[in-house]
Amino acid sequence: MTASRAAAERAEALRKEIERHSSAYYVHDQHTIPDAEYDRLFRELEALEEEYPELASLDSPTQRVGGKPLSGFATIRHDVPMGSIRNIAYVEPGSKANLYDERAAIQFDADIRKKLKLTDRDLPVEYTAELKFDGLAISLRYEQGVLVRAATRGDGMTGEDVTLNARTIRDIPLRLVGRNIPFVLDVRGEVYMLWADFEKYNTSARLRGEDTLMNPRNAAAGGIRQLDPSISARRSLRFFAYGIGSSQGWVVPSNHSDLLDALASFGLPVSSCRKVVVGVKGLMSFYREIAGKRPTLGFDVDGVVYKVNSLAIQTALDVDNTKKHPDWAAAHKFLPQEVSTKVEDIEVQVGRTGALTPVARLAPVIVGGVEVSNATLHNEDQIRRKDIRKGDTVIVRRAGDVIPEVVAVVLDRRPPGTKQFQMPSTCPICGSKVIKVVKEQRLKTKESRQKEEAVLRCIGGLACPAQAKEALIHFASRRAMDIDGLGEKLIDQLVDQGLAKNPADLYSLKGSELSRLDRMGEISASNLVKSIETSKNSSLSRLIFALGIPNVGEETAKDIVKAFGRLDFIIDARPEVLVFVPNVGKDTATPVYAFFSDGHNRQVVDRLRQAGVNWVESPITIRASFAELIARLDIKKIGAKRAEQLASHFQTISRLVDADLSELTRTLDSETAARSVSEHISEIGVRQRLLDVEAQLIDFGMHWTNQPATAVRAPGGALVGKTLVLTGTLSSLSRDAAKQMIEAAGGRVTGSVSPKTDYVVVGDDPGQKYQEALELGIRTLSKDELLRIVEGAGQQTLSFDDEH
DNA sequence: ACGCCTCGAGTTCT
DNA sequence: CTCGAGGCGT
């Protein structure tokens, strides 16, 4: 068969591109293309050369195994070439995509059995299964047990002499130990870097203003190939041995697993993550096991390696050793976690708070086994920084194992004529203006500096359909009013058909109106009406949270409700009063006040109350302190101490605001301070405002006291005052249920582990919070231990909540 | 003014 | 889960 001109051109193009990437990668430590993509190009070229052998030229990248040596190192010829292992991938029949799933193991095993001419009746083949480390392969030569030479793989035949650098690696013994040490031993293994060391290195590099390293693999590969061994030493590299090249003066073990044991017995580090397995089932279960352990290994592993265990069978399979890869071994890679794809469009979404969020619509790709077609781009700055444009090819990764993230643009593939992305100047949904909210930064400098928020916001409020929808979704959500069956799709329809614009409308929906909607029968309609009805029995704090007031989440809603007890107080509360609520400052008080001052919102809330969304009202549990109120006014020269003096002298606001300068001076013992107070009070509106605040506090039945606010309630329970953190899944106990239980026992549940945490409750498959707990020496509890503590404390925990 | 804790808010897919 | 920023103690 003759190569067509098209094939020849394609091969040439592939060669050029592969050369470019591999030079960037190996020579300059730069990452210009995701690994999976590089593999794909490489395999395409291999396939072409296999089909048309006359295209295979000697200078083709497929003829080389590693990168080109950097100048500056002596070259070393390997006694036994350092080959590489072939990658196996399962290809779905009829699909071009490589699915690197466990089925690849089936083909590998079948291949071996066929070459060995085994039939179904023969015994399964024995393999060793090991980790495929993601670092740099090197060879260590020991003569009479002493390390004499270390070399990189290089092109497989010759590599670079990195002996000095290898000596800085603590894992690498300078002298072998144990009995029966070979006269000559050429150890093969991988230099790698632990994640923790990688982070440490980058943190200190950042502090020094030096360049940071891209990833642990490049750090290891670059680190071992530094001309200055002290640079190499700074990277705290590690080493694992996984095989040998040549050896003299010993009896080589008869299978691979014994060989690894022997290496370990010489004092060489050999990973304990290895197994002797039998047949294809064994291969697959090892693959699955490591895929699961991967996040906890502490270093990068990009797959597993299978080797026929018996060295005799290896040799038998190796008769035709002219090939680049041995037949008796294979690398089974994990699903790629970084993949490239095209940005088909950049759209802008509008969230509940009006925030405009750009989202990349991607050509669907499989990342980590899941199809991804959207990725958030967060905000304008983010897009600018990465310069992501419509039409670009980008590298996508699943960050934190879940949420897709655009890592970088592959600039080489940018088509001509792309334009920088521009955020719209009006809301894409309702056309209202969009603004960047300006935040005042209270700085002591002369000009109170102003800082813009990073996000653009639509000012349309609930008049904007996007925000109205999001507000309803939030209102109905599980943690808010928990209206079962009212999901996003349904809310879309309700808003689009004008049946509901705000939460209050939900409570007047008729079953007959609902059953006319898409995918709604009479039964589901009446179920929905029922769950809307049920939601009236949730709780006041859920309602406050459900309203979606900026800066008021679940916890803050609880704090506010604890303080005021009843809805009408919350509605009327002035910001000066709201700040008496623990954990509520100006930035929370202002939005709350603004929310309830808005006529439209007020109307919605009134309608909700009329519909019966209301609760048994209970007394107030905070004390307002007059001194604190004065201190918070931020009057110049008046700090906590003088506020105290004013409070104890005047006792009430009415008397303070009418005080003359001489009385103030006498009280404070300072004329300038007194003047400052009187100037503040005479500012327009201040006097009236203070009187209003006082009137309100009296209305609410708050006690005026100069004592600091006191804790009102000392609840019983086994976990009083304890802070707990949950991690992992607690079988048969949902997170929410666990949280409720802990709170009922007087404890608190927070999201992250800190020195203040008392216990970490560890479930199955825990996250890194477990690690943090161990590092900080915090006590951990199993689910059962938690239950025992909570239940052991008995009944008093159950009844405490209703002292109001 | 600074730093430590937490909370709020946004986000994807099954 | 992660990031940013509010609350609060020092």
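Just so we're on the same page: letters track the sequence lines, and every chain starts at 1.
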Taking for each residue the nucleotide of DNA chain B with the nearest heavy atom, is it A:Leu356 or A:Gly553 whose nucleotide lies nearer the 5' end? A:Gly553
ring-ring contact (aromatic ring centres under 6.0 Å, His included) contacts in which one or both residues fall within residues 739-769 of chain A, not counting sequence neighbours: none
I want to check one thing: is the phosphate of C:dG6, taken as OP1 and OP2, less than 4.0 Å away from some side-chain N or O of A:Asn583? no
Between atom NE2 in A:His474 and atom C1' in B:dA9, what is the gap in whole Å? 10 Å
Set of ring-ring contact (aromatic ring centres under 6.0 Å, His included) partners for A:Phe475, sequence neighbours left out: none
Between atom CD in A:Glu347 and atom C1' in B:dT11, what is the gap in whole Å? 15 Å
Test salt bridge (charged side-chain N to carboxylate O under 4.0 Å, His left out) on A:Lys586 and A:Asp634 and set out the steps. CA-CA 12 Å; A:Lys586 259 195 188 150; A:Asp634 278 342; 3.7 Å; yes
Which heavy-atom pair separates A:Val348 from A:Pro424 by the least distance, and what is that distance? CG2-CD, 3.9 Å
In whole angstrom, give the distance that lies between atom CD1 of A:Ile549 and atom P of C:dG6. 17 Å
Write down the protein N/O and nucleotide N/O pairs, taken from nucleotides 4-6 of chain B, whose separation is under 3.5 Å; answer none if there are no such pairs.
residue : atom : partner  : partner atom : Å
B:dT6   : OP2  : A:Ser754 : OG           : 3.4

The nucleotide from B:dT11, B:dA9, B:dG8 with an atom nearest the side chain of A:Thr556 is B:dG8
Length of the line joining A:Arg479:CZ and B:dG10:C1', which is rounded to integer Å: 14 Å
In this structure, which one of A:Leu362, A:Thr393, A:Leu377 forms a side chain to side chain contact (heavy atoms under 4.5 Å, CB included) with A:Val343? A:Leu362
Counting only side-chain heavy atoms from C-beta out, which of B:dT12, B:dA9, C:dG6 sits nearest to A:Asp587? C:dG6
A:Phe580 CZ - C:dG7 P separation (whole Å): 15 Å
Does the pair A:Arg361/A:Glu344 count as a salt bridge with the N-to-O cut at 4.0 Å? no
Quick test of your reading of the model: are A:Lys739 and A:Glu555 salt-bridged, counting only N-O distances below 4.0 Å? yes
Classify A:Gly351 by what it touches in the nucleic acid, base, sugar-phosphate, or nothing, heavy-atom distance under 4.0 Å. nothing
Taking only the side-chain heavy atoms of A:Asn551 (C-beta and beyond), determine which of B:dT11, B:dG10, C:dG6 contains the nearest atom. C:dG6
Among B:dG10, B:dT14, C:dC8, which nucleotide sits nearest the side chain of A:Glu371? B:dT14
Toward the 5' end of DNA chain B, which comes first, A:Ala355 or A:Val372, by nearest nucleotide? A:Ala355
When rounded to whole Å, the CD1 to C1' distance for the pair A:Ile544 and B:dG8 reads 17 Å
From the candidates B:dC13, B:dT12, B:dA9, the one with an atom nearest any side-chain atom of A:Ser373 is B:dC13
Can you tell me the distance, in whole Å, between the CD atom of A:Glu405 and the P atom of C:dC3? 9 Å
Which nucleotide wins on minimum distance to the side chain of A:Val359, given the candidates B:dT14, B:dT12, C:dG7? B:dT12
What is the distance from CG of A:Leu578 to C1' of C:dG7, rounded to the nearest Å? 15 Å
Do A:Asp496 and A:Lys469 meet the salt-bridge criterion of a basic N to acidic O distance under 4.0 Å? yes
